[in-house]
Amino acid sequence: MALLLLIHIALFSTLCFAADPSVFLDFKLSYITLSPLGVPQRVIAVNGAFPGPVVNVTTNYNVNINVQNQLDENLLMTWPGIQMRRNSWQDGVLGTNCPIHPKKNFTYGFQVKDQIGSFFYFPSLNFQSASGGFGPIIINNRNIIAIPFAHPDADIVLLVGDWYTKNHTALRTTLESGEELGMPDGVLINGKGPYRYNSTLVPDGIEYEIINVDPGKTYRFRVHNVGTSTSLNFRIEGHNLLLVETEGFYTTQQNFTSFDIHVGQSYSFLVTMDQNATKDYYIVASARFVNETVWERVTGVAILHYSNSKGPASGPLPVAPSDIYNQWSAMNQPRAIRQNTTASGARPNPQGSFHYGSINVTDTYVIQSLPPVRIDGKFRATLNGISFVNPDTPIRLADLHKVKGAYKLDFPNKPHDRTPHMDRSVINATYKGFIEIILQNNDTKMQSFHMDGYAFFVVGMDFGVWSENSRNNYNKWDAISRSTTEVYPGGWTAVLVSLDNVGVWNLRVENLDRWYLGQETYMRIINPEENGKTEMVPPDNVIYCGALQSLQKESQSSSAMALHCGNFKLFLTLAITILALYFHF
């Protein structure tokens, strides 16, 4: 019996106490009918809620999310900014995953390894996120790692984004017909329409968001632009926004009265409730870099309500920046964002300990986006003249099973003067390379570019055409790290990235209309000496499709979930007890 007890202790301590904690969640995606802008429409809910529930975890947690597809079309969920170290199998885009069919499920399993910060999730297929399905992700720091500011009294999450009263199927039909989407019908804040600040623009009866606060307290506002394509200016009447974090990296602390948040971006601000609360205050997210007189309805308004407030919000909204026709001035804001090089991130070493400015660049890619054109009769958008067509068989699955012709490793490293065409061209990136990517926006609208699996250093941005001389003005010391960056129309943004995460990773324009029309590619990063340590094998519940469809099991169900330590402890205790009784008798 003593031996059995020792085995019990040894097994349990090895398998559980040494492991990082795990969380298990169920996401059921389905349609519900809501009227966020006063017009009944079908939206995509997660567990019956719009927006979806928060995923609240801590650095290094193992996250298991069982996604049930109750929609009438294929589904994938993606987690932008979560780096999925060694595990692109969980990324949730068509270049890495086969879709979850209607009435089926799939369990995503990934670790939030060495990350902290504010992120969100959303469905990546078929323009679905224009109808919802999104929700926030919070990765908290471990207690042993200090944060570079006093702990706020509470967190407040705001999901802001432009919104159409047409559902996603109608919007994608509009795009496919060769038309632009046009002006959105409004802006939602946490899935709700605007407070009725203007009786002409805002109809009566619309539900709006109310944020309840106490005087004297400081709150961390985690703000995400989950919209389709519109850049937004965020502001809180009478309050300063102290910027502290963007997409998992602490920034130098700067005060702003308003802040531009582009599609797909996430920011954290500290806001102190230091007003006398003679009334409630407006929280505003309004369309940016447009004719604001024409786009006046594209404004989201929530209410900041002090517990000792003496009356409702009233009067005009706080004024938006007036530099719409002077984007040189507007660009000063993102240029001013700096990484807090002395703060620890998810690990105890300072964020500035990686001296990116002194590393030799191994490859340079100049990636040019252009307005949509007709290609073979279809309305398409291109990067370097190529409009990406998703492969029938995901790229790494095609590699492992030696499927020929699934994609091409020929994405050009600069624009070419040739006829735009559709193709499956992928970047053949080099493992442990250190690459420079120039994002050149020759489109007519502000764009956000996003890279899965990585954070990059935003070292420069300007208007005009990038040249090698532009490198003279790069920030080589404290550039912010992030996974989504803005690129101004008629301008460029330069990023540097260290290719240390093996897998296949999506590089895309995050504006949903351009992404849907083909402005994306993938980076294929393979370790030629792979020994199982730099890339995980496919999960047991991997879904097969395309050329590998015959390998798919009858039922799509999860077998990837790890055994929870609490359940394992119970199981092991019962097993030992049974064995003990057996040997006793």
Side-chain angles (χ1 to χ4, degrees), residues 25-55 65-80 92-94 97-108 120-137 157 159-177 181-182 184-194 203 205-209 224-230 263-264 300 390 512-513 515-516 543 545 555-558:
L25 302 170
D26 285 302
F27 277 9
K28 184 184 297 182
L29 275 83
S30 63
Y31 296 116
I32 61 174
T33 299
L34 293 176
S35 305
L37 292 177
V39 178
Q41 62 182 122
R42 189 173 69 168
V43 305
I44 297 176
V46 183
N47 297 345
F50 171 72
V54 62
V55 177
I65 303 178
N66 179 29
V67 174
Q68 302 174 50
N69 181 7
Q70 296 192 351
L71 307 180
D72 55 2
E73 56 187 6
N74 289 342
L75 171 72
L76 281 174
M77 298 296 289
T78 193
W79 329 88
V93 286
L94 279 176
N97 295 96
C98 294
I100 309 168
H101 295 307
K103 312 306 179 187
K104 301 294 184 180
N105 73 296
F106 176 78
T107 296
Y108 292 87
F120 63 94
Y121 59 84
F122 65 91
S124 66
L125 302 188
N126 298 322
F127 222 77
Q128 288 163 354
S129 64
S131 287
F134 44 72
I137 301 173
V157 175
L159 301 174
V160 302
D162 59 3
W163 190 256
Y164 293 86
T165 54
K166 292 181 179 179
N167 66 27
H168 67 281
T169 57
L171 292 175
R172 71 186 187 219
T173 298
T174 297
L175 285 176
E176 290 165 357
S177 71
L181 294 180
D185 296 298
V187 170
L188 304 189
I189 299 180
N190 287 352
K192 298 175 183 177
I206 287 181
E207 184 182 8
Y208 55 88
E209 181 76 333
H224 313 268
N225 187 336
V226 297
T228 297
S229 194
T230 305
V263 175
N390 279 296
L512 196 56
D513 50 350
W515 182 15
Y516 184 75
I543 302 174
C545 56
S555 175
Q556 287 180 17
S557 61
S558 171

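The first residue of the sequence shown is numbered 1, and numbering continues consecutively from there.
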With heavy-atom distances below 4.5 Å as the criterion, would you say the side chains of [X] and [Y] are in contact?
| X | Y | value |
| --- | --- | --- |
| L181 | L171 | yes |
| P99 | L75 | no |
| T230 | P184 | yes |
| F120 | N225 | no |
| P194 | I206 | yes |
| I32 | V43 | yes |
| S131 | N167 | yes |

- For the ring pair Y121 and F27, is the centre-to-centre distance below 6.0 Å? yes
[atom1]/[X] to [atom2]/[Y] distance, rounded to the nearest 0.5 angstrom?
| X | Y | atom1 | atom2 | value |
| --- | --- | --- | --- | --- |
| S30 | L71 | OG | CG | 7.5 Å |
| N97 | C545 | CG | SG | 9.0 Å |
| L37 | K192 | CG | NZ | 13.5 Å |
| Q128 | M77 | CD | CE | 9.0 Å |
| Q70 | I44 | CD | CD1 | 12.5 Å |
| T78 | L125 | OG1 | CG | 9.5 Å |

Non-hydrogen atoms of [X] and [Y] that approach each other most closely:
| X | Y | result |
| --- | --- | --- |
| K104 | I100 | O-CG2, 3.6 Å |
| C98 | I543 | SG-O, 3.3 Å |
| E209 | I189 | CB-O, 3.9 Å |
| S229 | D513 | OG-OD1, 3.3 Å |
| T165 | D185 | N-OD2, 2.8 Å |
| P51 | L159 | CB-CD1, 3.5 Å |

- Message: In terms of relative ring orientation, are F134 and F50 parallel, tilted or perpendicular, with 30° and 60° separating the classes?
- Response: tilted
- Return the orientation label for the F122 and W515 ring planes: parallel under 30°, perpendicular over 60°, tilted otherwise. perpendicular
- Item | Audit row: K28, N105, side chain to side chain contact (heavy atoms under 4.5 Å, CB included) steps and yes/no | CA-CA 9 Å; K28 184 184 297 182; N105 73 296; over 6 Å; no
- Report yes or no: does T228 contribute a side-chain atom to a donor-acceptor pair with the main-chain N or O of A130 at less than 3.5 Å? no
- Task: Using atom types as modelled and distance alone, determine if a side-chain donor or acceptor of N190 lies under 3.5 Å from a backbone N or O of V157.
- Result: yes
- Task: Show your reasoning for whether ring-ring contact (aromatic ring centres under 6.0 Å, His included) applies to Y516 and F127.
- Result: CA-CA 7 Å; Y516 184 75; F127 222 77; 5.5 Å; yes
